[in-house]
Amino acid sequence: RKQNRQGRKQNRQGRKQNRDRRHRKTLRVLNVQRPWARLLLTGAKQVEVRKYPLKNYMDEDLWVLETKGERAPRDFASGIIGIIRFWRDFEYQDLRTFLADEHQHRILKGSSFDWQPSRTPRLHGWVVASASLLAHPLPPPKAKGMIGAKATSRRATLPK
């Protein structure tokens, strides 16, 4: 009986610890295609490349919504998989500089996401300040949108 009581007590303490790590956050959402979403959240990718500047999203936590990429399996389901914060942005001045920065943005030369200045005259790099992968993915927001859209509230289990 004593062992059984201790087991129940440990289970209650474990559940309490899990509840303590769960926090409700209301953040705007950034859509990032697979596989770049996880690369950003694990630190393998330090610069997110976009056609527009970061604007007023600097130093703001954002949900990362992993969306279907080119090679995603058919049964792939989008979901919020982490939280990211950017601390600055910059504009790539030329193709040579963009290619030299491949180790930061992880876009391979010749890929469909490679910079083509004739089609996209400007590209901006958003530098990651912090990123964390959630312990469990969360459902995507009901309304489609990216940053600038209405903030989405979720209860997330954050890593230790």
Side-chain angles (χ1 to χ4, degrees), residues 2-92 101 103-107 111-113 120 122-160:
K2 185 177 182 180
Q3 285 179 338
N4 196 13
R5 266 187 260 145
Q6 286 177 332
R8 284 195 306 262
K9 184 178 179 181
Q10 287 174 343
N11 282 344
R12 280 193 303 272
Q13 287 172 340
R15 286 193 304 267
K16 184 179 184 303
Q17 286 174 344
N18 282 342
R19 275 195 309 270
D20 291 345
R21 286 190 307 151
R22 288 177 62 92
H23 303 282
R24 179 165 287 285
K25 288 189 170 276
T26 303
L27 308 173
R28 292 189 279 180
V29 179
L30 175 68
N31 294 347
V32 183
Q33 285 189 5
R34 179 193 153 119
W36 290 284
R38 287 183 192 272
L39 292 175
L40 280 167
L41 295 170
T42 60
K45 179 178 165 81
Q46 291 295 310
V47 175
E48 172 66 357
V49 176
R50 297 284 168 137
K51 295 176 184 177
Y52 49 93
L54 188 55
K55 297 181 186 168
N56 62 345
Y57 310 115
M58 270 185 246
D59 292 324
E60 177 184 343
D61 286 340
L62 301 166
W63 291 121
V64 174
L65 175 64
E66 183 179 41
T67 60
K68 192 173 188 168
E70 291 179 339
R71 296 184 184 141
R74 287 184 184 194
D75 62 345
F76 175 81
S78 293
I80 294 172
I81 63 167
I83 299 172
I84 197 162
R85 177 183 286 249
F86 299 98
W87 69 279
R88 73 177 184 94
D89 72 337
F90 60 91
E91 185 176 335
Y92 283 104
D101 209 20
H103 67 288
Q104 295 287 331
H105 57 64
R106 304 288 301 261
I107 297 173
S111 77
S112 59
F113 294 96
T120 306
R122 293 188 177 131
L123 279 185
H124 298 268
W126 299 3
V127 182
V128 176
S130 65
S132 56
L133 191 62
L134 297 178
H136 306 286
L138 303 172
K142 291 179 181 164
K144 288 187 176 187
M146 295 181 281
I147 53 176
K150 184 178 177 187
T152 299
S153 182
R154 294 283 189 271
R155 186 173 299 278
T157 302
L158 303 174
K160 292 180 182 180

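As a basis for the values below, the full set of heavy atoms in this structure was taken, side chains included, without hydrogen atoms, waters or symmetry mates. Numbers here are sequence positions counted from 1.
Taking Q104 as the reference, nothing meets the side-chain hydrogen bond (donor to acceptor under 3.5 Å, both in side chains) condition, with sequence neighbours excluded. With sequence neighbours excluded, the residues forming a salt bridge (charged side-chain N to carboxylate O under 4.0 Å, His left out) with E66 are R38, listed by chain and number. With sequence neighbours left out, the side-chain contact (heavy atoms from CB on, under 4.5 Å) criterion links T120 to K51, W115, L123.
The distance from atom CG of L39 to atom CD of Q46, rounded to the nearest 0.5 Å, is 10.5 Å. Put simply, OG1 on T42 and CG on L133 are 7.5 Å apart, with the number rounded to the nearest 0.5 Å.
When all heavy atoms of L65 and P140 are compared, the closest pair comes out as CD1-CB, 3.6 Å. P141 approaches I80 most closely through the heavy-atom pair CD-CD1, 4.2 Å. Looking at every heavy atom in both residues, S132 comes nearest to L41 through O-CD2, 3.6 Å.
Counting only residues at least two apart or in different chains, salt bridge (charged side-chain N to carboxylate O under 4.0 Å, His left out) contacts with residues 124-138 are absent. For residues 73-89, every residue pair satisfying the side-chain hydrogen bond (donor to acceptor under 3.5 Å, both in side chains) rule, not counting sequence neighbours, is listed here: D61-R85. Within the structure, the ring-ring contact (aromatic ring centres under 6.0 Å, His included) test picks out no pair touching residues 65-85 (sequence neighbours left out).
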>> If you apply the rule side chain to side chain contact (heavy atoms under 4.5 Å, CB included), what do you find for D101 with F90, and how did you get there?
In response: CA-CA 12 Å; D101 209 20; F90 60 91; 3.8 Å; yes
>> Apply side chain to side chain contact (heavy atoms under 4.5 Å, CB included) to residues L40 and V128 and explain how you reach the verdict.
In response: CA-CA 8 Å; L40 280 167; V128 176; 3.7 Å; yes
> Could you go step by step and tell me if H124 and V49 meet the side chain to side chain contact (heavy atoms under 4.5 Å, CB included) rule?
Replying inline: CA-CA 6 Å; H124 298 268; V49 176; over 6 Å; no
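For R50 and W126, the positive end sits near the middle of the six-membered ring, less than 6.0 Å away and at most 45° from its axis.
In this structure, K45 contributes its side chain and V47 its backbone to a donor-acceptor pair below 3.5 Å. In terms of modelled atom types and a separation under 3.5 Å, the side chain of R106 and the main chain of A44 share a donor-acceptor contact.
Between V64 and I83, every side-chain heavy-atom pair lies at or beyond the 4.5 Å cut-off. A 4.5 Å side-chain heavy-atom check between V32 and T67 finds every atom pair outside the cut-off. At a threshold of 4.5 Å between non-hydrogen side-chain atoms, the residues I84 and S130 do not count as touching. Side-chain contact check for Y52 versus R122: every heavy-atom pair is 4.5 Å or farther apart. Counting only heavy atoms from C-beta outward, the side chains of F86 and L30 approach each other to under 4.5 Å.
Residues F113 and W36 bring their aromatic ring centres within 6.0 Å.
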